[in-house]
Colleague: 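Sharing a structure here in structure tokens format.
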Amino acid sequence: MKYKDYYAILGVDRAAGADDIKKAYRKLARKYHPDVSKEPDAEEKFKEMAEAYETLKDPEKRAAYDQLGRHAAGQDFEPPPDWGQQFAGARTAFDDIDLADLFAGLAGRQRAGRRGPGAFSSGRDYEAAVRLSFEQAFHGTEIELDLSVLESDAQGVVRRVPRRIHARIPKGVSDGQQLRIPGKGGKGVEGGRDGDLYLDIVVESHPWYRVDGQDIYLDLPLAPWEAVLGTTVRLPTPAGTVSLKVPPGTRAGQQLRLAGRGLARAGAPAGNLHAIVQIVVPSVVDGQERALLQQLAEASTFNPRAHFEQESVHEH
Amino acid sequence: MNIETCEALRIDERGEISWTQLIELSGLDETELKELVDDGALAPLRAEALPWHFHARSVVVARTAGRLRREFDLDAHGLAVVMRFLSRIEELEAELQALRAGVARRR
């Protein structure tokens, strides 16, 4: 097991009082917490500090940590021979775990111990980030997760073991949502509930589709003459291409709604898909197009700025 | 290695959870959760009906509160203030997302 100097990580003296440790941690948390920090390696640093504080703020854990002796940070070491008996109360395979695991295990046993013999302690919850494409989120998917979890073997020796989980993700999940896989966290102690595995869903943005709740929006570019005369377009929706009728006289910004073509969730009606009309013009026109447009310009009586003229009548 | 297939469940949608389930799932203890209810960060579905029941999405709120309390070493009052700001940020983010989704992008 590699040694970590928790005092050095928090920047406090080994003799520091509980208040100084708390003050030092709070100051560092404000600077390095990933929710608020702009420091480049904030997440990594914060994890280290949280781990150090978790141990040093608890008098029993701090005493157990102090008993490990002083070593150089990163140096391989073995806890003193009777350490496991005295503090952990169980045999531990020290090679397979790190300091944080050691003290996390200690916390579970402390809780169980305080409630008296035969008391149980719930297993730890784990959390994992899951990245999905827009299509995977829309249709639902199956993913594989590789985790590293703490487990006791038949002899009660605690080890870190790899665990692969195959999980079915329901259709219609959205960015920022959390899913739960019950019982797939850490094992409960002495009949305590097994922890859960939480999945933090990140949905990649799509070049065409934008999601709001269960509704999906996409831009529908139309040529000016298509908007004026009306047309039928082939519209790609996440569930397949459909024919969409664009009525004559369609304006820019108008939304054409396709009911039930949004995100679907089990047990709830599906959202809608909204095609937002954009009028786009060709950047280059050939001779014939130009001649026809010229003809249109001369023949048309349409005045798109009629309201400006009305405004100026008001003023005078 | 053992490969297990499991169903990932939504936790923040419809449905209710009991006070006991909330304690179990949130990782907070009863006193801490009670403070969140007193501060309005968590609202029971029918406050007068005991034992309390909550909207299923309360688990997310309670878990977030538990994480922030631990990671920033907040006291109950600080936590309540942070939770209020957080819920305001979430409302604004949702509004911003709705606005962005409903307006055509510039081409």
Side-chain angles (χ1 to χ4, degrees), chain A residues 22 25-26 29-30 33 35-36 46 50 53-54 57 122 125 130 142-144 161-170 172-173 175-184 193 196-199 201 209-213 215-217 219-221 252-253 255 265-268 274 276-278 280, chain B residues 1-15 17 20-29 56-75 78-79 82-83 85-86 89-91 93-107:
Chain A
K22 182 187 263 217
Y25 173 72
R26 285 185 167 179
R30 279 202 301 274
H33 193 285
D35 286 359
V36 292
F46 178 73
Y53 184 57
E54 198 59 39
K57 75 172 178 188
S122 299
D125 290 339
V130 172
E142 298 193 2
I143 54 158
E144 264 185 13
V161 292
R163 190 199 276 170
R164 177 166 291 176
I165 288 182
H166 191 90
R168 268 193 279 273
I169 307 289
V173 293
D175 191 52
Q177 213 170 18
Q178 256 193 348
L179 300 177
R180 183 170 72 98
I181 305 182
K184 294 299 168 205
R193 185 182 73 89
D196 297 329
L197 171 61
Y198 285 87
L199 306 181
I201 302 294
Y209 304 123
R210 303 185 291 276
V211 176
D212 175 35
D215 285 354
I216 297 174
Y217 292 80
D219 297 339
L220 171 62
Q255 295 191 9
R265 286 169 189 168
H274 305 263
I276 306 174
V277 171
Q278 282 182 308
V280 292
Chain B
M1 190 165 46
N2 247 353
I3 300 182
E4 314 158 66
T5 301
C6 344
E7 300 292 333
L9 311 173
R10 297 170 187 286
I11 50 173
D12 55 351
E13 299 248 303
R14 291 158 320 139
I17 56 165
T20 328
Q21 281 172 306
L22 191 61
I23 294 171
E24 206 173 87
L25 294 175
S26 66
L28 290 169
D29 65 31
R57 92 169 77 83
S58 303
V59 176
V60 179
V61 178
R63 279 176 52 78
T64 306
R67 184 175 63 81
L68 291 173
R69 171 160 218 168
R70 242 184 356 263
E71 294 181 349
F72 284 105
D73 194 36
L74 296 171
D75 58 24
L79 184 64
V82 170
M83 290 308 288
F85 282 135
L86 204 61
I89 290 173
E90 275 164 12
E91 277 169 31
E93 277 177 346
E95 216 167 293
L96 189 62
Q97 193 181 354
L99 286 171
R100 280 190 179 147
V103 175
R105 284 185 197 159
R106 269 192 217 195
R107 295 170 65 86

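Residue numbers begin at 1 in each chain, while the letters A, B, ... track the order of the sequences.
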Colleague: From B:Leu74 CG over to A:Arg26 CZ, what is the distance, rounded to the nearest 0.5 angstrom?
Modeller: 7.0 Å
Colleague: Need one label for A:Ala167: side chain, backbone, both or neither, based on atoms under 4.5 Å from any heavy atom in chain B.
Modeller: both
Colleague: Quick one: what part of B:Arg100 sits under 4.5 Å from any heavy atom of chain A, side chain, backbone, both or neither?
Modeller: backbone
Colleague: Check whether A:Asp35 gets within reach of chain B through its side chain, its backbone, both or neither, counting any heavy atom under 4.5 Å.
Modeller: side chain
Colleague: If every non-hydrogen atom of B:Ala8 is compared with every non-hydrogen atom of A:Pro170, which pair is closest and at what distance?
Modeller: O-CD, 3.4 Å
Colleague: Write down the atom of A:Asp212, the atom of B:Ala98, and the distance for their closest heavy-atom approach.
Modeller: OD2-CB, 3.3 Å
Colleague: If I measure from the heavy atoms of chain B, does A:Gln255 come under 4.5 Å with its side chain, its backbone, both, or neither?
Modeller: side chain
Colleague: Please report the interatomic distance OG1(B:Thr5) to CD(A:Glu144), rounded to the nearest 0.5 Å.
Modeller: 8.0 Å
Colleague: Do B:Val59 and A:Arg180 have side chains that approach each other closer than 4.5 Å (heavy atoms only, starting at C-beta)?
Modeller: no
Colleague: Closest heavy-atom contact between B:Cys6 and A:Ile165?
Modeller: SG-CG2, 3.6 Å
Colleague: As an exercise, state the distance from CG of B:Asp73 to OH of A:Tyr53, rounded to the nearest 0.5 Å.
Modeller: 3.0 Å
Colleague: What heavy-atom pair brings A:Leu179 and B:Arg10 nearest, and what distance separates the two atoms?
Modeller: CD2-CA, 3.8 Å
Colleague: Kindly assign one of parallel, tilted or perpendicular to the pair B:Phe72 and A:His33, based on the angle between their ring planes and the thresholds 30° and 60°.
Modeller: parallel
Colleague: Can you tell me which portion of A:Val173 sits under 4.5 Å from chain B's heavy atoms? Options are side chain, backbone, both or neither.
Modeller: both
Colleague: For A:Val211 versus B:Gln97, what's the shortest heavy-atom pair and its separation?
Modeller: O-NE2, 2.9 Å
Colleague: Please report the closest heavy-atom contact between A:Arg210 and B:Val103, naming both atoms and the distance.
Modeller: NH2-O, 3.1 Å
Colleague: Just so I understand: if I count every heavy-atom pair under 4.5 Å between each of A:Asp215, A:Leu197, A:Val130, A:Ile276 and chain B, which residue has the most?
Modeller: A:Ile276
